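Reviewing the structure listed below.
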Amino acid sequence: MKRIILMLLLYCYATGTFAIAERSPHDTLVVTSGTVAADTDLRPYVYSLTDKNNNLTIAQVADRSFSRNDHLFHGNKKNNGRVNNCWMQLHIRNQGSIPLSSIVFAGWHDFMYWYEKAVADTPRLLMATGLMLDKGGVERWNHYGFKVNVPPGETRTYYLHIINKSYNENPLIPKLYSEQGFSVLHDTQLDIYRKEAVIIQVLLGMLLVFFSISVINYVQLPDKSYIYFAAYILGLILFFALRLEGKPYQLSFFHRWPMLKYYWDIPGLLFCFYFMYLLFGNNFLNLRERYPFMERVFTWVSTVVGGLIIICMYCIAMEQYHLPTIIYSYVYFCTLIPLLAVFVALARRSRHHPLVRFFLYGSVCLYLACLGSFLMHIRPLGLLSALGELAAPSILLIAGVLMQAMFFLAGLSYRNKLVHLERTRTQELLIKQLNKNKELQRKLNEQLEELVKEQTTEILRKKHELEEQRKKQLETEYDKKLTEIELKAIRAQINPHFIFNCLNSIQLFVMQRDYEYAQKYLSDFSYLIRKTLDFSRRNFISLADEITYLNTYLGLEKMRFENRMEYEIIVDPVIATAELEIPAMLLQPYVENAVKHGMTNPQAAIGKLSIHFNQVASDMLECVIADNGIGIARSRSLRTLPKHHQSSGMDISQNRAELLNKMYNTEIHIEIIDRSAQSGDDSGTVVKVLIPQL
């Protein structure tokens, strides 16, 4: 009897034990009071299943066995190196007398699907959410808390499907919260995220101010540097504005486009910190003129970075989100040492140009801030995870971005100041030069008037002498002096004629406000005026002085015709130009006439003028002036003046030649040949001047 009773007791114990085991297996969270603690760690009760091929349905998952995987959970951001597609299973049994109502929170992930399955039922989808899925009108905090409702005495099975396609996965620790505990978590996290969001919003406000200043300055002074800087700031504004998209409450400006933050994450870093940075530095420092080698390096690297930006966007479109981060990691580490070398090279040149200092200080600030931010993330996240947070909006990085933007903007303002000072200085120099030339013109006119008066007085005195002296010797001397006086008077007439033509030539540049060319033209014109005054007092000058004078005059004419004129002066090597003398300003009227008619030939796009000095004999110099103009006959036919009219400069030179022949008993011979009269296919004029040596 005792044995029977003992066996019955053992049977009842075993039956109760197995019944409890059936009701409460080791993978089931059992709630006895109908309520849960403020926060319950679900990792001991959660089993997982990895879907590597991303082809499992909820029905297939419900029939499969799950296993424990503690490596799936992590409290900080984690580098997966691949897409993480996992299913989590949770059994909850309510042994209390009241319904269980709680919330499961597993963090912020790209795609999240929450299923519920009752006993003997099929799973049903309760909620779908995710950073890549949610659009406008979603209250994120409540949307990422998954409701758990279990009636008294029943068991429910829940499935959480998480897909993270990004390179760094957000913290993943599933917890079960009571409604009060979830509210406390909400308030705690809200304070943390609100501080970060305020910092980002302050940064965005300052960047908008920088952007507005750059646009206003570009309107005042069109300079590509302002455009590049504005594009750089605009890229930073978009990048940091999208940082708000990862916060658990709605402050983002682009929430209706959840994928935009991924398209402008790594491509935005490459665009701002490399592409636009290099373009801005190239134009801001004017590397093409100052440092050509560095300009080629900047251009080549910016082209490569532009290609990488396109590749990154293509990878994101193909849902290969980890590839852009790998590309940026390689770019970051490969450019650390070269950037440092560029900074050293610029530091050596900063003494010569103040703009280099602004660019160098701003670049070093961002360089150190990025490096420091990266090193700060290595310890809590590890090296691989820190790579994905190279541009996380930390306080250090934000300070570096602001310092760089302020230095660049200060450099642009200083550059603007230099440009205004240079323009002011150029205008002042031009005004001074114009005043000097006006004064020089006034003095020249006074000297010419005095010279005419003196020569007139001398002529009258000589005439009176001629009347008093009737002897033949005195008459001969008088004729000689009269010839010399007439020659001086003719030279005096050359000066105002030449000045009038030069002033007509310079008028175009003055009216067009081309200060650089006008200043050079006025400088050369001043030289011609001084030489004209000097030569007008001398009968003969050296051939070297005459060639220099003609070179300067033709250079002015070439500037006036905007390089539609070519000329050459060829001197026979046997001629000693410094020793050989010719009559002063004898050739200039013929050269001027060749320029005037050589530039009006519609059949020749470029007017050509050549001057040859040849030693045809030991005591004879030949000067040949040739042009490809319309010729003498056609020039006269186009004039509205009478046919017998000829250029006053050529008349003066012909008269001077006759007076010199009479005065010094020489044989200066001038021959003018019209090419068009000799050959219908040819055009132009040739002037041959034979000058014997005294």
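Quantities reported herein were computed from a predicted structural model and do not represent experimental measurements. Numbers here are sequence positions counted from 1.
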[Y] and [X] side chains, donor-acceptor separation under 3.5 Å:
{"X": "Asp110", "Y": "Tyr321", "answer": "no"}
{"X": "Thr335", "Y": "Tyr274", "answer": "yes"}
{"X": "Ser183", "Y": "Glu179", "answer": "no"}
{"X": "Gln89", "Y": "Tyr159", "answer": "yes"}
{"X": "Asn85", "Y": "His161", "answer": "yes"}

Would you name the heavy atoms of Ser65 and Leu49 that are closest together and state the gap between them?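 In terms of heavy atoms, the two residues are closest at O-CD1, 4.2 Å.
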
Exceeds 12 heavy-atom contacts within 6.0 angstrom, atom CZ of Arg64: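 Counting other residues, nucleotides and ligands, CZ of Arg64 stays at 12 neighbours or fewer.
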
Validation row: [X], [Y] side chains within 4.5 angstrom (heavy atoms):
{"X": "Phe111", "Y": "Leu131", "answer": "no"}
{"X": "Arg43", "Y": "Pro174", "answer": "yes"}
{"X": "His109", "Y": "Glu169", "answer": "yes"}
{"X": "Leu133", "Y": "Thr129", "answer": "no"}

Check whether Glu154 reaches the backbone of Pro151 with its side chain - one donor and one acceptor, N or O, closer than 3.5 Å.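 A pair under 3.5 Å: no.
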
Stepwise ring pair (Phe, Tyr, Trp, His ring centres under 6.0 Å) test for Trp87 and Phe66: CA-CA 9 Å; Trp87 292 79; Phe66 286 71; 7.9 Å; no

Ring centres of Tyr277 and Tyr232 under 6.0 Å apart?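 That pair fails the under 6.0 Å test.
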
Under the ring-ring contact (aromatic ring centres under 6.0 Å, His included) rule, collect the residues that match up with Phe408, sequence neighbours excluded.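 With neighbours one apart ignored, the set is Phe280, Phe359.
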
Please list all pairs meeting salt bridge (Lys or Arg N to Asp or Glu O under 4.0 Å) that have one or both residues in residues 202-227, counting only residues at least two apart or in different chains.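 Every salt bridge (Lys or Arg N to Asp or Glu O under 4.0 Å) pair that includes a residue of residues 202-227, provided the two are not neighbours, is Asp223-Arg415.
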
